[in-house]
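Step one of this worksheet: look at the structure below.
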Amino acid sequence: MASFELSEEYQELSDTVRAFADEVVAPVSTKHDAEHSFPYEIVAQMADMGLFGLPFPEEFGGMGGDYFALALALEQLGRVDQSVAITLEAGVSLGAMPIHRFGNAAQKEEWLPLLASGQALAGFGLTEPEAGSDAGGTKTTAKLGGGEWVINGNKEFITNSGTDITKLVTVTAVTGQQERPDGSIKKEISTILVPTNTPGFTAEKAYNKVGWNASDTHPLTLNNVHVPEENLLGTRGRGYANFLSILDEGRIAIAALAVGAAQGCVDQSVKYAKERSAFGQSIGKYQAVSFKIARMHARAHTARLAYYDAAARMLAGKPFKTEAAIAKMVAGEAAMDNARDATQVFGGYGFINDFTVARHYRDSKILEVGEGTTEVQLMLIARELGL
Ligand SMILES: Cc1cc2nc3c(=O)[nH]c(=O)nc-3n(C[C@H](O)[C@H](O)[C@H](O)COP(=O)(O)OP(=O)(O)OC[C@H]3O[C@@H](n4cnc5c(N)ncnc54)[C@H](O)[C@@H]3O)c2cc1C
């Protein structure tokens, strides 16, 4: 039985990112949240630390690490600031990873060093106004003619798609029709690289979100966008399947971020329960409070083991889809449940935005929705059970 203890290298990375999160990120989190401002200065420092290149090979300017290293970094950032953590998560696991996994030599050469350096961001354009959980409902079209794809359609909720340093969005689009073995017809969906300076590409006004206020999320309009035929990413017709496999991995990353949020709520609550007195003693002395925090700790711990397990399976080349779905679901729920309990421990202060737990309360809800809702994870798990 292998141990879940971190190796020296992983522990060092985790400690370094933890210190950065506490000393550099946390002091400006409330300000960026209140102002809904993108934390460019934090992103630049994460870039200098090599965080955007963590799982990519050194030949492309990466750190030569692996997906678990990325997950550990996300956990430490998620503990103090989910907006910063999702900016890194989406930048690496959704923005750059599709190019690493499915790009040809020229595409990797052109985009990976730029994205791994953190000097530029890329978005992942799957969701549409009428295609979310049912992402196969894609309506965006890409028509090939004269050596170019002409793309028309709309994308919804695309992270990192409208910052000053966003250079690329990879979109799914219907490129034709395919015949199934039984003779029925289905949409042929492919993925295409769209540089954001292409005429006809517009990142519309940013959403006014409940949380993740310092992260960048826009609807996109693609109006007669012309890109070269060579911008097809991966095999024509494999775009949907390729994006779903990117989401399988991404669930481990999101789970790690959520575990960080759940743990952040524990850490803040322990500290506060020791400091705050009521009826002549610290509130942590009351079992109603200490049991609540003990349960929060148990949730964070079990969710962490779930994502460690999914990551270990992935790195060992074993099937990990179900384990990633379980990790994403339990970690998202742990974050939301812990945020609710932490704000209770903080009493009235838990309702004041200056407190990290209040931000976690608003931020955590999306962890039960983004990169596959809880119901979608349950569908994947039930399917594995043959149901
Ligand atoms: C802040 C934010 C950032 C995001 N970033 C990105 C991004 O970078 N790229 C991207 O492509 N997308 C992104 N998304 C989109 C996100 O992945 C979708 O919102 C999510 O997948 C759900 O899709 P939907 O919103 O269309 O909800 P729907 O699919 O319409 O679901 C609505 C409800 O119905 C339930 N439901 C649907 N089908 C079933 C079923 N068969 N059985 C049971 N219940 C079902 C769902 O679980 C949910 O509760 C982001 C969203 C947000 C809010």
Side-chain angles (χ1 to χ4, degrees), residues 33 36 38 74 78 81-99 115 121-140 153-163 166 168-173 189 191-194 196 203-222 233 239-240 242-251 253-255 257-258 261 324-325 328-329 332-333 335-336 359 362-383 387:
D33 175 63
H36 293 221
F38 188 77
L74 291 170
D81 191 325
Q82 294 188 40
S83 287
V84 166
I86 192 61
T87 300
L88 178 66
E89 194 275 343
V92 178
S93 95
L94 300 181
M97 196 55 87
I99 297 168
L115 300 175
L121 289 172
F124 176 88
L126 175 66
T127 305
E128 297 193 0
E130 291 169 73
S133 304
D134 183 11
T138 304
K139 291 204 167 126
T140 296
N154 297 288
K155 296 288 171 180
E156 200 82 273
F157 305 129
I158 309 305
T159 304
N160 288 343
S161 60
T163 74
T166 302
L168 179 78
V169 176
T170 306
V171 301
T172 44
I189 299 179
T191 42
I192 300 177
L193 302 171
V194 180
T196 51
E204 306 289 354
K205 189 170 177 287
Y207 295 97
N208 180 13
K209 297 176 299 223
V210 167
W212 286 7
N213 286 337
S215 85
D216 180 81
T217 328
H218 300 259
L220 305 179
T221 304
L222 297 124
L233 182 70
Y240 182 55
N242 288 349
F243 260 33
L244 290 190
S245 74
I246 288 292
L247 287 177
D248 285 337
E249 300 177 356
R251 285 180 186 132
I254 283 285
L257 188 166
K328 198 273 174 184
M329 183 180 76
E333 290 181 347
M336 192 65 233
R359 190 155 32 79
R362 288 184 286 104
D363 286 350
S364 296
K365 181 59 212 165
I366 187 61
L367 295 168
E368 296 183 316
V369 173
E371 296 200 31
T373 63
T374 293
E375 292 75 19
V376 165
Q377 311 313 321
L378 289 169
M379 278 163 58
L380 295 170
I381 299 163
R383 200 175 294 158
L387 298 171

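Ligands are counted one by one from 1 in listed order, and the atoms in each one are counted from 1 as well.
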If we ignore angles and hydrogens, is there a donor and acceptor under 3.5 Å between the side chains of K155 and T172? yes
Side chains of D33 and N213: do they bring a donor and an acceptor to under 3.5 Å? yes
Could you identify the single nearest non-hydrogen protein atom to atom 17 (O) of ligand 1 and state the distance to 0.1 Å? E371 N, 3.6 Å
Do V194 and L222 have side chains that get closer than 4.5 Å, going by heavy atoms? yes
Polar proximity ligand 1 side, G370 side, N/O cut 3.5 Å exclusive: no
With Q377 as reference, evaluate R251, E368, E333 under the side chain to side chain contact (heavy atoms under 4.5 Å, CB included) test and give the passing residue. R251
May I ask whether V369 places a heavy atom under 4.0 Å from ligand 1? yes
Can you pull out the closest protein heavy atom to atom 26 (O) of ligand 1? Residue, atom name and distance to 0.1 Å, please. G132 CA, 3.2 Å
Should L367 and I254 count as side-chain neighbours, where that means a heavy-atom distance under 4.5 Å? yes
With no hydrogens and no angle check, do the side chains of T140 and E128 hold a donor and an acceptor under 3.5 Å apart? yes
L257 versus E89, closest heavy-atom pair with distance: CD1-CB, 4.5 Å
Please classify the T159 to ligand 1 contact at 4.0 Å (heavy-atom distances, strictly less than): side chain, backbone, both or neither. both
Please state which protein non-hydrogen atom is closest to atom 2 (C) of ligand 1 and give its distance, to 0.1 Å? T217 CG2, 4.0 Å
Mark up the atoms of ligand 1 that fall under 4.0 Å of a heavy atom belonging to L126, in ascending order. 11 (O)
Nearest to atom 7 (C) of ligand 1, what protein heavy atom do you find, and at what distance? F157 O, 3.3 Å
To check your reading of the model: name the closest protein heavy atom to atom 11 (O) of ligand 1, its residue, and the distance in Å. T127 N, 2.8 Å
Any nitrogen or oxygen of E156, side chain or backbone, less than 3.5 Å from one on ligand 1? no
Can you find a non-hydrogen atom of K155 under 4.0 Å from ligand 1? no
Below 4.0 angstrom, counting only protein heavy atoms, does anything approach atom 33 (C) of ligand 1? no
Geometric N/O contact E375 with ligand 1, under 3.5 angstrom: yes
What is the nearest protein non-hydrogen atom to atom 53 (C) of ligand 1, stated with its residue, atom name and distance? I366 CD1, 3.2 Å
Should I246 and F124 count as side-chain neighbours, where that means a heavy-atom distance under 4.5 Å? yes
If you have a sec, work out which protein heavy atom is nearest atom 38 (N) of ligand 1 and how many Å separate them, to one decimal? S133 CB, 4.1 Å
Any protein heavy atom nearer than 4.0 Å to atom 36 (N) of ligand 1: no
Taking atom types as modelled, find out whether T374 and K328 have a side-chain donor-acceptor pair closer than 3.5 angstrom. no
Would a 4.0 Å cut-off, counted as strictly less than, catch a protein heavy atom around atom 5 (N) of ligand 1? yes
Quick one: are L247 and L126 in side-chain contact, heavy atoms under 4.5 Å? yes
Pairing donors with acceptors under 3.5 angstrom, does anything connect the side chains of E249 and S93? no
N or O pair under 3.5 Å between M379 and ligand 1: no
Using the side chain to side chain contact (heavy atoms under 4.5 Å, CB included) rule, pick out the option among V169, T163, L121 that qualifies with T196. V169
Do me a favour and list the nearest non-hydrogen protein atom to atom 46 (C) of ligand 1 with residue, atom name and distance? T373 OG1, 3.7 Å
Show the atoms of ligand 1 that are less than 4.0 angstrom away from any heavy atom in I158. 7 (C), 8 (O), 9 (N), 10 (C), 11 (O)
